[in-house]
Amino acid sequence: MIKEFQETGDEELQTKLVMEYESLVHALARKFSRGQRHDEDLIQVGMIGLLAALRRFDPSFGRSFESFAVPTIVGEIKRFIRDKTWSVHVPRRIKELGPKIKNAVEELTTELQRSPQVEEISAYLGVSEEEILETMEMGKSYQALSVDRSIEADDEGSAVTLLDLVGSVESGYEKTDQQMLLEKAFQVLTEREKQILQLTYFDNLSQKETGEQLGISQMHVSRLQRRALQKLKESIRIEATEAF
């Protein structure tokens, strides 16, 4: 049936063969799911591996189909777990080094009769201590908690999530500080200087329009404006220094 399927690509034969080895795929998927929620995904990936094995199997090598299919299916499942089930993007070298570190720790623990140190794991695997530490840290990213996960209840009995505990930057505080600083700095200005800054910077009038409204020349407005700004700069500089 497998040979005929390879030659013809008959869909009915493919369905029969998939049903024949479906239990094998399920068994291998369960082995790697470890109670996680992606069981169905692993089964689908395992089916892809099964189809690949059906297309590539060569009985002339003297092996049974099962002995050829199992490593093919397992390879697809492992690749899926390595590339798709991490909560954040992690470099492939980190993903591949993780299992090696786990095995090294188990073997060194048995050999040394204690937990191995980072430098011992590094020497055992022939990689740098920085890579060992980086991989251990990245390993925490394999499964992340949802920010909507409830962690406790508040005094009123409502659920509290991780997101409720995450702070955010409130720009209003900075604006309030700036406004208070400006209000204090404006006290050094005369009433005429305050009027000029109000008209030119807040009411968006030109120096000519400001002069016409106040009954003074544009040149006088320009001179008073420069003097007012200089006084503000000096006052703000002093206020900031006192604050620190």
Side-chain angles (χ1 to χ4, degrees), residues 2 18 20-152 161-163 165-166:
I2 294 175
V18 167
E20 177 71 23
Y21 294 102
E22 184 178 16
S23 59
L24 174 62
V25 173
H26 280 256
L28 294 173
R30 281 195 301 270
K31 178 181 177 182
F32 288 93
S33 67
R34 298 177 182 176
Q36 302 300 320
R37 296 180 180 179
H38 47 261
D39 297 27
E40 290 298 323
D41 292 332
L42 295 185
I43 291 173
Q44 293 299 321
V45 171
M47 287 298 182
I48 294 174
L50 173 62
L51 290 174
L54 288 170
R55 294 189 182 97
R56 298 201 302 261
F57 176 62
D58 186 350
S60 64
F61 285 100
R63 301 169 58 190
S64 67
F65 174 73
E66 288 84 351
S67 65
F68 175 77
V70 168
T72 305
I73 296 170
V74 168
E76 288 292 334
I77 291 175
K78 284 185 175 180
R79 191 176 299 111
F80 172 83
I81 292 174
R82 183 189 64 196
D83 295 338
K84 303 297 183 182
T85 61
W86 289 69
S87 299
V88 297
H89 176 71
V90 174
R92 175 168 293 183
R93 62 182 177 81
I94 297 296
K95 296 175 183 177
E96 293 176 346
L97 186 56
K100 295 179 181 178
I101 291 176
K102 184 173 183 263
N103 293 333
V105 169
E106 292 175 354
E107 293 179 15
L108 287 172
T109 299
T110 302
E111 179 182 335
L112 302 173
Q113 294 299 301
R114 60 172 173 80
S115 297
Q117 298 179 353
V118 173
E119 55 265 28
E120 292 171 332
I121 301 173
S122 171
Y124 184 87
L125 294 176
V127 297
S128 68
E129 294 181 21
E130 288 76 12
E131 288 179 289
I132 299 294
L133 292 171
E134 182 183 11
T135 303
M136 289 179 170
E137 184 65 26
M138 284 292 188
K140 299 175 184 177
S141 301
Y142 186 76
Q143 289 181 328
L145 294 176
S146 168
V147 294
D148 295 320
R149 176 178 175 176
S150 298
I151 56 175
E152 60 181 56
T161 67
L162 288 174
L163 186 60
L165 304 180
V166 177

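Reckoned from all heavy atoms, side chains included, excluding hydrogens, waters and symmetry mates.
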Task: Atom pair CG (L54) and CE (M47), whose distance is rounded to the nearest 0.5 Å - done: 10.5 Å
Task: Within-4.5 Å side-chain heavy-atom neighbours: E111 and E107 - done: no
Task: Side chains of T109 and P116 in contact at under 4.5 Å (non-hydrogen atoms) - done: yes
Open item on the list: Give me the atom names and distance for the closest heavy-atom approach of G49 to I73.
Closed with: C-CG1, 3.9 Å
Task: CD-CD1 distance between Q117 and I132, expressed to the nearest 0.5 angstrom - done: 13.5 Å
Task: side chain to side chain contact (heavy atoms under 4.5 Å, CB included) partners for S128, two or more places apart - done: E130, E131
TODO: Can you see which heavy atom on E120 is nearest to which on L108, and at what distance?
DONE: O-CD1, 3.9 Å
Task: L133 to V118 - nearest heavy-atom pair and separation - done: CD2-CG2, 3.8 Å
Task: Rounded distance [0.5 Å steps], CG in L42 versus CZ in R30 - done: 11.5 Å
- [ ] Would you give the length of the straight line joining atom OH of Y21 to atom CG of L51, rounded to the nearest 0.5 angstrom?
- [x] 13.0 Å
TODO: Measure the OG1-CG distance between T72 and L28 for me, rounded to the nearest 0.5 Å.
DONE: 10.5 Å
Task: Rounded distance (nearest 0.5 Å) linking atom CZ of F65 with atom CD1 of I2 - done: 4.5 Å
Open item on the list: To check you understand the geometry: which heavy-atom pair defines the closest contact between V45 and E76, and what is its length?
Closed with: CG1-O, 3.3 Å
TODO: Return the minimal non-hydrogen interatomic distance between E20 and S23, and the atom names on each side.
DONE: O-OG, 4.5 Å
TODO: Determine the interplanar angle of the F68 and F57 rings, folded into 0 to 90°, and report it as parallel if under 30°, tilted if 30 to 60°, perpendicular if over 60°.
DONE: tilted
